[in-house]
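Comments concern the structure below.
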Amino acid sequence: MTGLVYKSTGSWYTVKTNLGAAYQCRIKGKFRLKGIKSTNPIAVGDVVDFELETNNDNVTGVIHTIHDRKNYIVRKSVNLSKQTHIIASNIDQVFLLITIDNPPTFTSFIDRFLVTAQAYAVKTILLFNKIDTYSDDTLAEVKYLAHIYRKIGYECIGISAETGKNVDKVKALMVDKVSMFAGHSGVGKSTLVNAIEPNLDLKTKAISTQHSQGQHTTTFAEMFDLSFNAKIIDTPGIKGFGIVDMDKEEVGDYFPEFFELKQDCKFNNCLHVEEPKCAVKEALDKDEISYSRYRSYLQILDGEEEHYRTDNWEEQ
Ligand SMILES: Nc1nc2c(ncn2[C@@H]2O[C@H](COP(=O)(O)OP(=O)(O)OP(=O)(O)O)[C@@H](O)[C@H]2O)c(=O)[nH]1
Ligand SMILES: [Mg+2]
Ligand SMILES: [Zn+2]
């Protein structure tokens with residue numbers, strides 16, 4: 001039988017066939033996937049072949065084959081093992097949820113995420129959430145960021161999962177697609193899923209526990225079928241984002257605004273750092289490229305790990 005992985009909780013996988021039947025499955029033997037060293041051999045969104053087995057009237061499945069992935073989003077652990085974790089696969093688009101505060105999302109995180117998504121050819125839409133709580137200053141910051149990212153081709157929407165503001169716009173973009181919600185813990189991913197499909201009633205962080213340390217409300221990625229012919233994958237919050245092995249020359253190609261200028265650089269292998277007659281640096285001088293984007297680029301190039309707050313938001 002063939003099915004789609006909806007949830008993975010370590011050793012068990014929930015797999016649904018296209019007739020809608022769900023089975024709890026495990027893996028047979030060791031899965032070695034070409035070219036990917038990951039902590040999880042199978043991820044939500046994978047298409048797998050499995051066989052049923054019966055133990056004491058209990059029917060479970062054994063996965064023996066995984067179909068080639070169209071794409072996937074990976075996360076490299078920033079400080080710990082340097083291991084790669086596949087968050088989800090075979091997705092049509094990612095919505096990256098961003099909040100300016102509570103929790104803060106920094107541009108270094110946004111840019112790392114976008115580079116990874118771009119490298120794996122996954123379309124990303126930026127959602128600035130919790131706009132119902134923002135002061136004029138914070139809203140101005142949202143506007144400024146949205147301006148930066150729109151200019152380089154990313155769709156940006158200001159939303160409130162709480163009040164429902166612009167949730168219909170997100171919904172409209174989701175029809176007929178498999179989407180994933182990503183972002184730091186506490187930005188409102190599960191709240192947004194609930195706003196879109198109230199009867200799912202996913203667990204969200206209660207206001208009173210919001211400041212407790214290292215709490216993740218969602219602990220496993222999970223896919224849901226929505227009533228308007230769409231699928232959504234809710235994911236646990238990610239804190240830091242390590243860039244998975246990439247050649248230095250390659251990094252600039254995943255900054256769309258750098259890539260566009262690359263042919264105007266004097267050297268065709270220009271890294272846009274110290275080289276003379278670099279079109280990217282000239283554009284930076286003329287304010288045509290955002291300094292925060294360039295700074296993120298330099299950090300990634302240096303292999304510098306992301307600077308993030310360690311007090312509140314623990315990595316899952
Ligand atoms: N005011 C306001 N609060 C929001 C909004 N969206 C989410 N929240 C609140 O933010 C808190 C965290 O929301 P969650 O949906 O649990 O966040 P999450 O991104 O799923 O977090 P993890 O599962 O830990 O990754 C909850 O208390 C929500 O009620 C919003 O648009 N406005
Ligand atoms: Mg959640
Ligand atoms: Zn250059």
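Ligands are counted one by one from 1 in listed order, and the atoms in each one are counted from 1 as well.
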Would you say Thr191 reaches the Mg ion (ligand 2) with an N/O/S atom under 2.8 Å? no

Please report whether ligand 1 has a polar contact with Asp234, defined as an N or O pair separated by less than 3.5 Å (distance criterion only). no

Hey, mind stepping through Thr60 and Tyr23 against side chain to side chain contact (heavy atoms under 4.5 Å, CB included) and telling me if it holds? CA-CA 6 Å; Thr60 57; Tyr23 297 95; over 6 Å; no

Check: Thr204 N/O within less than 3.5 Å of ligand 1 N/O: no

Counting from 1, what ligand 1 atoms have a heavy atom of Pro236 closer than 4.0 Å? 25 (O)

Quick check: Ile159 and ligand 1, any N/O pair under 3.5 Å apart? no

Of all heavy-atom pairs between Met223 and Val5, which one has the smallest distance, and what is that distance? CE-O, 3.4 Å

With heavy atoms and a 4.0 Å threshold, my read on which part of Asn129 contacts ligand 1 is side chain

Over 12 non-hydrogen atoms of neighbours within 6.0 angstrom of CD in Glu250: yes

In terms of atom number and element, which parts of ligand 1 are under 4.0 angstrom from non-hydrogen atoms of Gly237? 25 (O)

N/O donor-acceptor pair under 3.5 Å between Asp132 side chain and Ser160 backbone: no

By atom name, which N, O or S atom of His272 is the nearest to the Zn ion (ligand 3)? ND1

Taking atom types as modelled, find out whether His67 and Asn90 have a side-chain donor-acceptor pair closer than 3.5 angstrom. no

Are any of the N or O atoms of Thr133 closer than 3.5 Å to those of ligand 1? no

Run the salt-bridge test on Lys262 and Asp253 with the 4.0 Å N-O cut-off and return the result as yes or no. yes

With a cut-off of 2.8 Å, does Thr204 put an N/O/S atom close enough to the Mg ion (ligand 2)? no

Which of the atoms of ligand 1 are close to Asp132, meaning less than 4.0 Å from one of its heavy atoms? 1 (N), 2 (C), 30 (C), 31 (O), 32 (N)

Does the side chain of Asp46 pick up a donor-acceptor pair with the side chain of Ser89 at under 3.5 Å? yes

Any N or O of Ile131 that comes nearer than 3.5 Å to an N or O of ligand 1? no

With a cut-off of 4.0 Å, which atoms of ligand 1 are near a heavy atom of Ser190? 15 (O), 20 (O)

Would you check if there is a donor-acceptor pair between the side chains of Tyr294 and Gln299 at a distance under 3.5 Å? no

Centroid separation His64 to Phe50 less than 6.0 Å: no

